Each structure stands twice: as C-alpha cells, then as structure tokens.
Amino acid sequence: MTVRLRAPIELENLLPFDFKYRIYDTTSRRTWSSYLRRGGLMPIHCVHLDQCVMFGAEIQETNYKPSDFAVINSDGSPDIPVESVLRVEDKQERKLDLRINYTKYEESGGAFRMQIYSPFVAINKTGFPLNIKCRNVFSHTKEQGAEFVFRLGDTAWSNALNFEAPSAETAVALGSPAPSTKETHVGVSWTSGLGKYKLTKVVTFAPRFVLKNELGGDIVFRESGDPGNDAPLRAGSFTPIFALSARREAALAFKYPGVGSKWCPPVNIQDLGVVHAKLPTSDEDKPDLARIEDAPMSPKYKLGPHSQIRYAWDYPAARQKELVLKMGDGEESVNLNEIGDLPPFRFKTSSGWRVVSRDIHAEEEVTVLTLSNWVEETSVYKRHGRSATMDSTISRADTVSSQAADVGFTAVVKDVSPSLVVKVDFDGIGLSLMNRRLLEVVYLTLSKLQVTYTDSEIARDIDLTCGWVQIDNQLHEALYPIVLQPLPLTQDRDAKTVWNTVETKVTLVKDEAHGVVFIKYFGILLQALSIQTDEDFLFALLDLTKLPGASWEKEETDAFSEYPKQLAPPRAIERGTTLYFEELDLNPIRLALSFARTERVNADEKLTLRNPLAVLVNALAMTLGNVNDAPLKLNGLLLRDTLLTVPGLQERILYHYKNEVLRQVYRILGSADFIGNPVGLFTNVASGVADIITEPWQSVLNHGSKELGIGIAKGAASFAKKTVFSVSDSLTKVTGSVGKGFANATFDAEFQRQRRLAQRRNRPGNAIYGVQSGGEALVTSFASGLEGIVSKPLEGAERDGAIGFFKGIGKGFVGAFTKPAVGIFDLASNLAEGEENSVEVVSTVLIDELQVSETRRQSLTTTTRAGSESLDTRQQTESLLHTPREKLSVKLG
C-alpha cells in the first residue's frame, strides 16, 4: 500500500517581487498570513478543501495597495465560482490584474497548486525612464486585443504594439521634442519566461544598436554628418546607440584617437551582415586598387606591376559596390561577389592592344582579385571576332596585333561525358512514426521518388523528384486524417498532365582553386500544398521530439530572462564553410492552411521554446482559433553571385520566410471560422465574377463560336456555384464556431467528444443529408441536456461525495440550457454545409449535360453531311447520351 501525504494547497510566487499573503476561511472565519519570496513555494496546511477559501496579497517594494480577496477554493456552491484574477491598485488607482493558475494533483484528494503570476513583465535595459500605458482603455484587463504604447524619458509616444504573438521582436523609432531632429531607436522583443516562469510573457526594451570594439586599440565614433558628438570606445568593450538623425540613414564613422587621425567613410548600421571599411591610420600611405562606381568624387589609386595590396571599400554604405579597373583607354567594372574566372579585359596602349586575365577567389574572410597576363593556351576564354581567324602575330603572351580591335572572348564550352551515373527509382516509400506507447502517430508517403546522381570531370549533379507527398494523421479521432497533400493545380477535370510535388536540383562545380564550395545552381520547386492539422496532432508530434540528449531537452533555468539586468553581449559571427552560389532559386510557395483547436492543452505542460516544433505549437495553439483554408502565398528567394557561410545562408532564408509569413498574417486571421472566413468568401465570389468573362472567352479561343453557349453556361454556373458555396461556407463556419463555444460551456467532456466524433463521421454530402445529420445532432443535444440533470449529480456523488453531488447539480442545469443551444447551431451548420456540397454536385451535372448535348449535336450534324453513319459512331453517341445519368447516380449515391 502506498500512502501519499500532500498539503491541500501549495502556493507559488511567480511575480518579480516578494509578497505578503492572507488566507481566509469563510466557514471558520479565521485568517492566516505569511510572507513568500519571489520564486518561492509554500505549502498551506491550515485549510479544508470542503470549505470556501479566499486569498489576498500585498506586493512588497511597490506602490500597490493590498489586493481584494479572491476565491481560490469553493465549497461546491455554483454561486461562488473559483476566481483566476487577483486585482491590485496603486495610489493613483491604476489597476493591475494578476493571474492565478491552478494545477490539480492526481490521486491526492483534490489538492492543488496555485501560481500567482503576471501576464506581462517589462524589463527596461535602455537606461532611460520607461513609461507604458494601454491605448484601448476598455481592454486593459484583457490579454487578447490589448494594445500598448511606450516612451523613454521625454520622447514621443510610440505607435501601438500588440504582444499577442508568442514570440517576436521589432524596432521602434521614438521622436524627440522640438527642435531636435533626432530619433531614439529602441528594440522591443517579447517571449515567454524560462522554466516555471513560462506563464508570463516577458517584454524587453533594449537598445536597437550596440557597437562593440573588437580591434586591438581604442577608437572614436560618431554619427555620420554630426560633427562635434565624438564618443570614445575602448578595446573589447561595447556601448548602446540610441539617438540618430531622422533625416538620414543610420550610419556611423570611426577613427583612431589622435589629432591627426582621419575618419573612415560612413557605414550603414541597419544593413545585416559583414562589410569591410577602411580605417585610416596616421602612417597610412598605401596604394589602393579601385574606386566606387557612381559615388561622387571617388578616389583613384595606382597599382604597380607585380605588387599586392589590401583594400576596403571607400564607401561601405553604398548600395551598389563595384571596382572599376582603368588601363590604357579601357575601363571595366568588377563585381567582387562573382567568384571564378572572369572574361579577359582588353585595352589599348601606346604599344598596342593588351589583354589581362581576371580571377576572383576567397581566402577565408578575404576576397582576392588577381590580374595576370592572358595566355590563350591555358585560359578558359578564347578569342573570336573579325581577326580571330587571322594569323595574328603575338609578340608577348599578353599582347595581340593591331588587327585585334574587334576581338572578343568566349568561354570554352567543353562537352564532357559523365563518368558515373547513379539513378535510384522508388515506386513508393512509407515511413511510420510511433510514440513511446507504441501507438502510430504519423505515416509519411512518398510516391514516384527518383534520385539521380551524375559525376563528371568538372561537376556533380544531384536531381531529386517526388511525384506525391502525403502525411497522414494516425491518431484516433483525428479531425484531419490527411495533414499534408498537394493541391490540384487546375480545375479542369480533363487535364492529363501530372506534375511532381517536389523538384530539387543541385550542381556542384569541382573547383578547389577559388577557396569556396562552388554551387553553380541550387533550386527547389514545391507545388501548392494543403496543410490541415489540429492541436492534438501537434502535441503528439511534440511528444515525438522529446529525445534524450537533444539540445532542446536540456533543463531550463527558472528566470524571466537569460540576461534580466544587463545587456546581452553582442553575438559573435558564426564561421563556417564558405558557399558561393552562382544562382540560388527557391521558387514561390502556395499553401492552404487549416487549423482546429481541441481544447486539450494542459496549462502546466512545459513547452521549451528552444524546440522549433514547440514554437510552432505555441504559436498556433495560443493565438489562433479554428482557421479554414487560409491562402498563403510566399514569394520566392532568388540570389545570384552570392558568397555566404552556412550559418549566414540559414539566417538569410529564415529571415526571408519569416517576413513573408508576417506579411500575410491578415490572410490567416481573415480565414478564422468565428468571423466566417471573409478571405475565402471574397476570393470565391471574385473568382466567380471573373469566370463569367473568362469562360466564354476561352471557349471561343479554343473551339470557335460554336461553343460560345457552353462557355456562357459554364461562366454562369461557376458564378452561381461559387457565390452560393461561399455564403454557405461562411454560414457553416460561424454557426460551427458558436456551437463549439456553447459545447465548451457545457463542462461535459464526454458530450464534447461524442459531438466531435459525430461531426467527423456524419459530414453531410448534400442538403438532404444535412437535414438528417442536423436533426440527429439536435435530438442528441436535447436528450443529453435532459439526461445530465439526473446523471451529473450521481456521477459527482460517486466521485467526490456530497461536494461532487452539488457540483453535479450545477453542471446538469448548465448543460440543460447550453446543450440544446449547441444542437440548434449544429443543425444550422449542417444545413449550410449540406447546401454547400450540393452546389458542387449540381453544377457538375449541369456542365456535363451541356457538354454531352453539344457533342450529340455535332455528331448528328456530321452524320447528316456524310449521309451515313458507322456502327462505331452510333455506339459512341449512345454512350455519350447515357453519360449524364451515370454521373448523376454516382454523384448523389
């Protein structure tokens, strides 16, 4: 026998301050008080769980008055609900609503832990006084929909910020009082606390820019164009930068200390990545190579023969940076991002025509441009042109005759046969993932998978294609059995072309002379995908990622922030293998996103935000309701002649798609069920209006005027179908959301489970089935409501005795009112969905009938003109005449 001893109540302080608390028992009218430090846990043994218990607190070291009492344990009376808000006021009567989170322990006689926390905690790392206020005063007690503004010191108030997203960061520029033209730049980020403080969203205000000196000596810096505001910065230290001019781009200039030292050109600090700038020294007298194209009064430098120098950009803030070579009467621009052998540079001197080879390669962090004499025998570029076929006299390896005025250069195209070709074809691959309870969670299907590897003397090619990708949800009672699958590319039912779902191609050049991994081409093409998932499936996937030893499974520190008081040190630039992409092409992506809440989230379950999947679960579960077919169109990413490290490439891609998703948040929110999916409504109706014009036009273009009638009928049918479909779909979404809300208010988990099962199994295929399934839902809801009046008190008494009996009475009467309401809205939802599906069937039949009638007319006309008709033609006509009936019986059967 196992005996477990536990205090009736455990109190945990998750506030950033200590507090004094009071416990009041309304039955015995006794009060207990004590003190609890921040982060502390206190067992409370002086109360009984069958009595009404109240709690109050006084936050220390603040201006807040003692709070009112909040009910934390009820005696079973439905008139005294347990409260989850603890309100305090300061001396100016400004309110702060703290939250109380309850977690019940299993098999402990009803014992529970209560956690006192704040929904938001602000951390000010700017060094200036911070003022925050809620802009919409009627929402200051709500977490959702509340918008906040802030200012630092005497700056202007910021634009409104909404902290509903689980984790985000943004830059804010605050105006200054007149006559100053400067702006104060602040970085605002918010995320959940670490460890046990995950219930609190921590908002951090920090400098937008931080300058760190990693040179060997001290430097002086100032804003470009702002003389007189010089500031020193010691070696190895860093400093925040706040005030910058609002009339210019944020740019800084640097120099070494000393009277004779010169300022370097301005550097734009808003550009991410690495840029090199020239920092002059007092003894600098170095010949440099080039000048900046399109920069005013660009300096020119001379470079002697057989010499080498180090060079950095004269104008690192310029958007387009190129070197310009000038030799003789010739001038040529050089893009230093273009790694490899460049076309030769031809110019004329007093002694004749000269040709110089240009080669760019990388040596760790340095890009090297090498100029050498052009030797046609060893160069990959050969002469062509008017004098290329003449017997030119070459006096030197880099000199051609005077007849070479029209000579050009062409890269030699070498036809190289592959030395090795490996081709692997899979008709299909299936992968099943099971959890620790040996229950299947995910099944991945890859059909028509083909991998081709080609190796030659100069390059390696890897081609991967996959005809079909599908991910199935294998959980019992799954709302969406198919999580991921391709979307149809066309609505034309006669289309025969089948496109691959995934196509990837990589071409690696065997070039070790230029110090980089030379990638000639890298491209990924994804067809349009449908993603449908629910909350249970995401949490099941999250459970699969709990692997021993994984970086995200390490125990987190219990703290609001990793650096709660000081600025986080600037992150060092990650080094890695240098990649050169001659072309990187990530094609646009089109997604249709659907997500369903299941209300099965355990508030005490720890979601570590170091796990990428946990971030996705947190974002969807906490911020979205039910979303249906939200259309997302993510722009592609095209990079040419780009030099990146592996970490830099990852950061560039993540930054691109992060901005693309944020740019289309309105599409996700506009597809929510509770507002009727207005994005889908507008898109479908607009598409129907367009079909009225395009369908007749396409019919005339493809088949001439003889099918104009069919085109008009198709356009009208499409408009009617899409309009009725959209209105029915919106009505289905709204009524379904309202019904779901009433279902949650019944407090009957079994009723909610049975309702979800019925909705999944009895999807109405047409209006008749909509009436039938809706009527069944209505009758079931009324019956369950009446049954609950009797069954709920008995179930409660069996489980918790007298207290459970009275709780059951309350649940029974609540269900008696809410369950019939659920049935009414389910009836309306089923009727609308049935009508929605009937539109698709009817429109398909009408189009088929028109097509067959036209085909019969053409066949009879042809027969009349020929004067005879073969047996095959008659059989073909008869089969066409019978097609509508067969399709009608299949569609409605």
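Values reported hereafter were calculated over all heavy atoms of this structure, with side chains retained and with hydrogens, waters and symmetry mates removed. As the structure is a prediction and not an experimental result, all values here were calculated from the model.
Partners of N131 according to the side chain to side chain donor-acceptor pair (under 3.5 Å) rule, which considers only residues two or more places apart in sequence or in another chain, do not exist here. Among residues two or more places apart in sequence or in another chain, the side-chain contact (heavy atoms from CB on, under 4.5 Å) test is passed with S594 by Y480, Q532, N628, D629. The ring-ring contact (aromatic ring centres under 6.0 Å, His included) check on Y64 picks up nothing, with sequence neighbours excluded. The ring-ring contact (aromatic ring centres under 6.0 Å, His included) test applied to Y655 returns no partner, not counting sequence neighbours. Looking at residues two or more places apart in sequence or on another chain, you find a ring-ring contact (aromatic ring centres under 6.0 Å, His included) between F150 and F205. A search for ring-ring contact (aromatic ring centres under 6.0 Å, His included) contacts involving Y21 returns nothing, not counting sequence neighbours. The side chain to side chain donor-acceptor pair (under 3.5 Å) search around N124 returns T126, not counting sequence neighbours. Here K262 pairs with P280 under the side-chain contact (heavy atoms from CB on, under 4.5 Å) rule; sequence neighbours left out. Remark: E93 pairs with E89 by the side-chain contact (heavy atoms from CB on, under 4.5 Å) rule, at least two apart or across chains. Qualifying side chain to side chain donor-acceptor pair (under 3.5 Å) partners for E83, counting only residues two or more places apart in sequence or in other chains: none. Residues meeting the side chain to side chain donor-acceptor pair (under 3.5 Å) test with N13, sequence neighbours left out: none.
Aromatic ring orientation, F242 versus F128: perpendicular (interplanar angle above 60°, classes split at 30° and 60°).
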Report, one line per pair, each donor and acceptor closer than 3.5 Å where one atom sits in a side chain of residues 219-237; sequence neighbours left out.
{"unit_1": "E223", "atom_1": "OE1", "unit_2": "K182", "atom_2": "NZ", "d": "3.0"}
{"unit_1": "E223", "atom_1": "OE1", "unit_2": "S245", "atom_2": "N", "d": "3.3"}
{"unit_1": "E223", "atom_1": "OE2", "unit_2": "S245", "atom_2": "N", "d": "2.8"}
{"unit_1": "D226", "atom_1": "OD1", "unit_2": "N229", "atom_2": "ND2", "d": "3.1"}
{"unit_1": "D226", "atom_1": "OD2", "unit_2": "K182", "atom_2": "NZ", "d": "3.1"}
{"unit_1": "D226", "atom_1": "OD2", "unit_2": "N229", "atom_2": "ND2", "d": "2.7"}
{"unit_1": "S237", "atom_1": "OG", "unit_2": "R234", "atom_2": "N", "d": "3.4"}
{"unit_1": "S237", "atom_1": "OG", "unit_2": "R234", "atom_2": "O", "d": "2.7"}

